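I have placed the structure first, in the form of structure tokens, so that the comments after it can refer back to it.
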2 protein chains.
Amino acid sequence: MSINNLPWAMVYNPDEKKFEKTGFAHWDVSNGEVWVKIVYATICTSDLHTVSGRRSCAGPCILGHEIIGEVVACADVDDYYGHSLQLGDLVTWSVYAYDAQDEMAVKGIPQKSSQLYKYGHEVLDEDQIMSGGFGSHCLLKEGTSIFKLSNNFSYKVAAPLNCSHATVAGSLRLAGEIKGRNVLVIGAGMIGLSASAMAVESGARNVVTTDIDDERLNRSRDFGVDLVLSHHLSNEDLEIALTDIGGIDIVIDTSGSPDAIEKWISKMNIGGTAVLIGSVFTQRDIHLNAEKCVRNLWTIRGLHNYMPQDLAYAIDFMENNHQRYPFDSLVKNEFKLSDIELAFTQAHRGEDYRVGVYVDQP
Amino acid sequence: MSINNLPWAMVYNPDEKKFEKTGFAHWDVSNGEVWVKIVYATICTSDLHTVSGRRSCAGPCILGHEIIGEVVACADVDDYYGHSLQLGDLVTWSVYAYDAQDEMAVKGIPQKSSQLYKYGHEVLDEDQIMSGGFGSHCLLKEGTSIFKLSNNFSYKVAAPLNCSHATVAGSLRLAGEIKGRNVLVIGAGMIGLSASAMAVESGARNVVTTDIDDERLNRSRDFGVDLVLSHHLSNEDLEIALTDIGGIDIVIDTSGSPDAIEKWISKMNIGGTAVLIGSVFTQRDIHLNAEKCVRNLWTIRGLHNYMPQDLAYAIDFMENNHQRYPFDSLVKNEFKLSDIELAFTQAHRGEDYRVGVYVDQP
């Protein structure tokens, strides 16, 4: 059988720092498994960190975890809401499969279960399981939260749901009450724009964005942002702008920059909450004044991955708001899967919010 | 009228660093006010910080905010639960009076309302309002949450309720679910012992205490502590002890020590929460690894003062548990109010958990 008819993937080898076209076998599903034909993927910033070496990665592996696909085989599996999956269903799924009996899952932190299976991150072993987005197919294991998608919005909009938008939904969950609060989002990339729009739709009083890139900052206005704070603003003008709106109650950091995190935590109102989601690479420690944290009743929370309920929230958000905000425009350049090296080269330029990848016939 | 029959207080003058016996007038209550005859007060660590100059303080003022008293005049005022106060009721009250319409109160942070009136902290002005514990009387203003006390436990046990124990109750509220979690309390002073006992009664799996003072550490066993971790423990033995119990889920810091806070935050389990209540004086910044905070889903929260509901919780806790834990033994040395200088000298020695002060006839 030629590779044309068989599943295939662009397998990444971190030792050689390159992708290689590799053939796989079709999977016979069993035990709650779903075999999905991938229709679209986007390159997440953490994929870029892996390929640039900023994040360590064991290999070989099939990268890509912002994925949507179509069910092509399914062993009597229900979606997240308990509806049985059908062949042909367009789906997205939690970025990990977990065991609900695991101690961490029981503790309410399923995303840190001991035997976590993470799409786009697993080393290919002798089982040759397709587990990433940069391939023609993906095997969804038992313990994956699967969601049917409508065809109301484009693949470009849908692909980042199960990483970017779900993580943002998790960060807003941790931030507590958004309604009537002033929310500052650090970073106006894909995740920052998503956080801004979601904060607006959660009833924030003002949504404020800051970024070192003024062009991205201006773009954030399309995502409901009330106020943009340029990196070049003088301290005096900054204080005036903050006083005008009544300060900042909630900080969502998507940048991972210690300087930015320190600066904005120190400016939070009494009772303020900072949720950190961008610090996923090595940086210097942040400095925190514990007395200010105490006297101002600050809360600082980190979030990694997310909970299945966050993905459910993100999908609902997108169903209701995809026409209100131009998420569609955030994927401009699209590449064939067989041109994945070109796709990464483009993504590394930093000009795109997300680069799209679709499966071609190799 | 001689001072013997009139209210009086040992007024503290921070400029001269001394207390002075001062006479006051009886107060004619109106508008939700309650005039209380003080029966007992304890010297809180923050009183010590004020007198040592570690904490700045405007003056002159009547210090002392761990107080209980007896209602001697009352203008139709209800207690926290809506029951009308009667002459002769033994009461404690929130350490502050606030305006429920204030923006911060509406936000759910009454303890940071703009016109907060804080017992034991107000400068004496021309109105000569008695507002602290180191006097014969205290005026409870409208907006104070007042609680009737039973006579089930001693004054020594009751006096610290409205500061130490209520703050501890607030810290456990912020820590989230305690049941089944391992709780580490940093510092085995009055607040640390209270946190330990309260964590035990909240169903903690293991309660662990650490302190630089081994004698205090051992004493903590009387307050339900399962494991004490001496400051002198080797890193290896420490890791073994922590592994044995399954690590630390919740850290309650009562010490304010940056070294201790950093050390114990870094050892928290995934999903761990650290609540800081001890950092009420100037110290170096703590260093926090944001990547670890994110990947481990840590939460760090500061608490200052507390909410009225926390005092309600603390009183219920003490009603139910005063026989189970020797809180009574934590006040050994007691002084007459007119000997307040001696009381502070004793308290500064650091040998007592709390020093008691009772009102004598001057």
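Throughout, protein chains are lettered first and strands after them, A, B, ... in sequence-line order, and every chain is numbered starting at 1. This is a predicted model, so every value here is computed, not measured.
With a 4.5 angstrom heavy-atom cutoff, Ile109(A) touches chain B only via side-chain atoms. If you measure heavy-atom distances from Ile286(B) to chain A, the contacts under 4.5 Å come from both the backbone and the side chain.
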Next on the checklist: Set out, in order, the CA-CA distance, both residues' side-chain angles and the distance that settles side chain to side chain contact (heavy atoms under 4.5 Å, CB included) for Leu242(A) and Ile248(A), then state yes or no.
Outcome noted: CA-CA 7 Å; Leu242(A) 291 178; Ile248(A) 299 297; 3.8 Å; yes
Next on the checklist: Pair Ile261(B), Ile300(B) - check side chain to side chain contact (heavy atoms under 4.5 Å, CB included), show working.
Outcome noted: CA-CA 10 Å; Ile261(B) 294 170; Ile300(B) 295 151; over 6 Å; no
Next on the checklist: Test side chain to side chain contact (heavy atoms under 4.5 Å, CB included) on Ile252(B) and Leu172(B); report intermediate values, then the result.
Outcome noted: CA-CA 8 Å; Ile252(B) 307 283; Leu172(B) 293 197; 3.8 Å; yes
Checklist entry - Where do Val251(B) and Ile265(B) land on the side chain to side chain contact (heavy atoms under 4.5 Å, CB included) test, with the steps shown first? => result CA-CA 7 Å; Val251(B) 169; Ile265(B) 284 180; 5.6 Å; no
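For the atom pair CG of Leu303(B) and CG of Leu297(A), the computed distance is 5.5 Å after rounding to the nearest 0.5 Å. Atom SG of Cys293(A) is separated from atom CD1 of Ile277(B) by 12.5 Å, given to the nearest 0.5 angstrom.
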Every donor-acceptor pair from chain A to chain B under 3.5 Å, please, each on its own line.
| from | atom 1 | to | atom 2 | distance (Å) |
| --- | --- | --- | --- | --- |
| Lys107(A) | NZ | Asp249(B) | OD1 | 2.7 |
| Lys112(A) | NZ | Arg295(B) | O | 2.7 |
| Asp249(A) | OD1 | Lys107(B) | NZ | 2.7 |
| Val280(A) | O | Arg295(B) | NH2 | 2.7 |
| Thr282(A) | N | Glu291(B) | OE1 | 3.3 |
| Asp285(A) | OD1 | Asn289(B) | ND2 | 3.4 |
| Ile286(A) | N | Leu288(B) | O | 2.8 |
| Ile286(A) | O | Leu288(B) | N | 2.8 |
| Leu288(A) | N | Ile286(B) | O | 2.8 |
| Leu288(A) | O | Ile286(B) | N | 2.8 |
| Asn289(A) | ND2 | Asp285(B) | OD1 | 3.4 |
| Glu291(A) | OE1 | Thr282(B) | N | 3.3 |
| Val294(A) | O | His304(B) | N | 3.4 |
| Arg295(A) | O | Lys112(B) | NZ | 2.8 |
| Arg295(A) | NH1 | His304(B) | NE2 | 3.2 |
| Arg295(A) | NH2 | Val280(B) | O | 2.7 |
| Trp298(A) | O | Gly302(B) | N | 2.8 |
| Thr299(A) | OG1 | Arg301(B) | NE | 2.9 |
| Thr299(A) | OG1 | Arg301(B) | NH2 | 3.3 |
| Ile300(A) | N | Ile300(B) | O | 2.7 |
| Ile300(A) | O | Ile300(B) | N | 2.7 |
| Arg301(A) | NE | Thr299(B) | OG1 | 2.9 |
| Arg301(A) | NH2 | Thr299(B) | OG1 | 3.3 |
| Gly302(A) | N | Trp298(B) | O | 2.8 |
| His304(A) | N | Val294(B) | O | 3.4 |
| His304(A) | NE2 | Arg295(B) | NH1 | 3.2 |

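Within 6.0 Å of CD1 in Ile212(B) there are 12 or fewer heavy atoms belonging to other residues, nucleotides or ligands.
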